[in-house]
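See below for the structure under consideration.
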Amino acid sequence: MSTLFPDPADEAESDLLTGLNDPQRAAVVHAGTPLLIVAGAGSGKTRVLTHRVAHLIRARGVRPSELLAITFTNKAAGEMKERVAELIGPQAKSMWVSTFHSACVRILRSEADRLGYTKSFSIYDSADSQRLMTMVCRELDLDPKRYPPRSFSNQVSNFKNELIDYEAAAAQATSHQEQTVAQAYALYQRRLRSANAMDFDDLIMLTVNLLQAFPEVLQSYRRRFGHILVDEYQDTNHAQYVLVRELVGPAVGPIPQAELCVVGDSDQSIYAFRGATIRNILQFEQDYPNATTIVLEQNYRSTQNILSAANAVISQNPNRPPKTLWSNAGAGAQIVGYVGDDEHDEARFVAEEIVELGRNEGIRPCDVAIFYRTNAASRVFEEVFIRSDMPYRVVGGVRFYERKEIRDALAYLRILANPQDEVSLRRILNVPKRGIGDKAQEAVETLSRRERITFWEALRRCDEAPGLATRARTQMQAFVELLDVLQILVESQTPPAEILEAVLDQTGYLSELRTSLDPQDETRIENLAELEAVAREFEETAASNDEPATLFEFLERVSLVADADSIPNGDDGGGVVTLMTLHTAKGLEFPVVFLTAMEDGVFPHIRSLDDPAELQEERRLAYVGLTRARQRLYLSRAVSRSTWGAPNYNLASRFLEEIPTELLDWRREAEVAHSDRWKAVPPRTPSVFAPAARRSSGQPVLDLAPGDRVTHDSFGLGTVVAVSGEGDRAQATVDFGSTGEKRLLLRYAPVQKL
DNA sequence: GAGTGGATAATTTTT
DNA sequence: TTATCCACTC
């Protein structure tokens, strides 16, 4: 193996390899044939990839522009670029490091016309595509009960991931249901085309189609990219696999096969639900017969106890290429277990433990992460953290870009960039209210169908629309005129933040929010301000990198960001505790990790219990979660957990039982099993954090006095102004600041004393 | 065409 | 428990 190593006299070279172990070095300097790096969690995958990129450029003389590195998130791409720049200097700027989707958008932008699109195409996320699918299903007169658009959307997405076009889908359909799906697929695709829009799956599929249909385009990319690197290869789907295969290609004339290097861990494949297939990594050696495989099993992240637990869990998965992680970081602390009475108790334990860790071991909030299976689980932690003044940040959940006002604002921007974008156009046609309701929209739609023109063109010619009320028509004309005026800003390359400002101002969107009485609208204004800040920041970063920052680029950026892209780095002061789902946690690491809600039915999720394949994916998810921890790992569950108001009693997660007992230190265990667990009653002694007295009579009513601080489930923080009445009729007048003063019946009001 | 209220459904996971 | 949809009224 030592022959793989470069001459130690080459100083630049040894510099690049500093700190790498033998297999890692081998992976970095390996030249020639396709290379598969099978790497366990925490084995320095990204580091190896980064060093390989630097090595290619500096030691092997590859020009940075000949490189295409594909990462899983934009954040990972940014970090790789940064680290490579540290190793080799500013020339790193000209290499292509991006996600699959960003790379495809870039290719599609420059070749869009070949596919019948214009460069300014819109990118539809899953919410947009579902909206469009709903429109399609309505057009096909499908009963939404029997044919839910959501399921159609998923099936179409699966087809695209498999590179099956609608004709092929129709050809292979046997049942009536399948034919209906194929029909919807065809219409959906037509509507996307006429809206000059692509959905997420199109980005990959159309790129593949493009490269396959136009050999000269493929050749130009193949000539350019002599090296292709793919991170997280286990999470690629079929379309992405084909894309890579096309770009690597066999040697053709003067163009050699590209040097391919992929990194992955089949144990960390957690995106099968979205089409990812482990096949790609398991069969790499068949796909590329001259491939070399290098296995990295040493883990540099976690203590041995944590790894042993992770190994024990993942080894329960059958048919897995055996791989055992090891560490020389020492055994480390035992894994701490905790069984809470309910989810509030569990969250309280987590919060208290974080405080303790800070006091005793100097752990800062930003060193701590809390993971859960579903986004909804973040709520109880937020409640407890707010009450105990613990700084935190939720990654994901109701995501920033999914908020109504943000989507509205972006819909306006998209319309300006691409007026054919029907989904966005219909979203904001009557927002803010312009008196253009369903009736009026129908009239325009009829016109558009009759004249075979797009919705936008029909809107322009709305005076021809049959049966359109005069008032609606005037409003529509005003709307078209407004967009025409705003369009001028786009044509003159006005920076996106300024366009956004003009949109919010001239459409009256902002003033409607300002005059609104709904307290939620205040937050909406703040969110829009935040969006403007995002736009400004985007302009600045682009300017410092000498990249264009027009509206198109901004929209593209906004469409393709992932949640993981916004995770704080935490170098500012103590930072904040990070809360996220297990999926979002992939690729990250934290000194302290809390894995919560370890209950059968929650994690593994109830919908995976009867399918062995899905259960295995849940187990890999557990493996991902466990291996995020560097030093300390906490596993917790709750005896009772309330979903939709009703308490559920869940058994311990099977994953907990797969961990050898000697690795675990149970701080608090479940009481001895009840003779009949289904009759188990909620804990008698409500913790301080349990909700205050509710409808159940006999419970003491909250004892409040003027001056007390309280929180209300919907009004937030408030101060008690006055109290009156006794027992069931006790009332309090509470000042909730901007929401105003409210009189509350304490027996029923969802308030807690602070 | 817009606002109200009651019934009803919903929670996997996301580039 | 909350969010969304639909029917009904103004």
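Each chain gets a letter, A, B and so on, in the order the sequences are listed, and its residues count up from 1. Everything numeric in this text was worked out from a predicted model, so none of it was measured.
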Please tell me which of the listed nucleotides, [options], lies nearest to the side chain of [X]?
X	options	value
His583(A)	dT15(B), dT13(B), dG1(B)	dT13(B)
Asn375(A)	dT11(B), dA2(B), dT14(B)	dT14(B)
Arg274(A)	dT15(B), dG1(B), dT13(B)	dT15(B)
Arg379(A)	dG3(B), dT2(C), dT15(B)	dT2(C)
Arg607(A)	dT11(B), dG3(B), dG1(B)	dT11(B)
Lys433(A)	dT15(B), dA2(B), dT14(B)	dA2(B)
Ala440(A)	dT14(B), dG3(B), dG1(B)	dG1(B)

Exercise. Should Asn430(A) be listed as having a side-chain N or O under 4.0 Å from OP1 or OP2 of dA2(B)?
Worked result: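 Checking dA2(B) against Asn430(A), a side-chain N or O does come within under 4.0 Å of OP1 or OP2.
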Exercise. Between Ser126(A) and dT15(B), does any side-chain N or O lie under 4.0 Å from OP1 or OP2?
Worked result: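 It does not, given that no N or O in the side chain of Ser126(A) lies less than 4.0 Å from OP1 or OP2 of dT15(B).
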Would you mind reading off the distance between [X] atom [atom1] and [N] atom [atom2], rounded to a whole angstrom?
X	N	atom1	atom2	result
Ile123(A)	dT14(B)	CD1	C1'	16 Å
Asp125(A)	dT13(B)	CG	C1'	16 Å
Leu582(A)	dT14(B)	CG	P	10 Å
Gln234(A)	dT13(B)	CD	C1'	15 Å
Asn648(A)	dT1(C)	CG	C1'	13 Å
Glu617(A)	dT14(B)	CD	C1'	12 Å
Glu382(A)	dT1(C)	CD	C1'	15 Å
Phe72(A)	dT13(B)	CZ	C1'	11 Å

Exercise. Across the strands shown, which category fits Tyr271(A) at heavy-atom distances under 4.0 angstrom: base, sugar-phosphate, nothing?
Worked result: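 Tyr271(A): backbone/sugar contact only, no base atoms under 4.0 Å.
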Exercise. Using a cut-off of 4.0 Å on non-hydrogen atoms, how would the nucleic acid contact of Glu614(A) be classed: base, sugar-phosphate, or nothing?
Worked result: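 The answer is base, as Glu614(A) lies within the cut-off (heavy atoms under 4.0 Å) of a base atom.
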Exercise. Should the heavy atoms of other residues, nucleotides or ligands under 6.0 Å from CZ of Arg557(A) be counted, would the total exceed 12?
Worked result: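 Check fails, neighbour count at 12 or below.
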Exercise. Thr374(A) or Ala469(A): which one's nearest nucleotide on DNA chain B is closer to the 5' end?
Worked result: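 The 5'-side residue here is Ala469(A).
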Problem set entry | Whichever of Thr643(A) and Gly435(A) has its nearest DNA chain B nucleotide further upstream toward 5' |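 Taking each residue's closest nucleotide, the earlier one in sequence belongs to Gly435(A).
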Kindly say whether the aromatic ring centers of [X] and [Y] come within a distance under 6.0 Å.
X	Y	answer
Phe273(A)	His583(A)	yes
Tyr185(A)	Phe159(A)	yes
Tyr271(A)	Phe72(A)	yes

For this session: Using the P atom on both, measure dC6(C) against dT11(B) and round to a whole Å.
Result: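 Their P atoms lie roughly 16 Å apart.
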Problem set entry | Nearest-Å distance once atom P is located in both dT4(C) and dT13(B) |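 Pairwise P distance, dT4(C) against dT13(B), rounds to 15 Å.
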Exercise. If we require ring centres under 5.5 Å and near-parallel planes under 30°, does Phe273(A) stack on dT14(B)?
Worked result: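 No; by the centre-distance and plane-angle rule, Phe273(A) does not count as stacking on dT14(B).
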For this session: Return the set of residues passing salt bridge (charged side-chain N to carboxylate O under 4.0 Å, His left out) with Glu405(A) (not counting sequence neighbours), or none when no residue passes.
Result: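 Only Arg524(A) meet the salt bridge (charged side-chain N to carboxylate O under 4.0 Å, His left out) criterion with Glu405(A).
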For this session: Tell me, please, which residues at least two apart from Arg245(A) pass salt bridge (charged side-chain N to carboxylate O under 4.0 Å, His left out).
Result: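 Arg245(A) satisfies salt bridge (charged side-chain N to carboxylate O under 4.0 Å, His left out) with no residue once adjacent residues are dropped.
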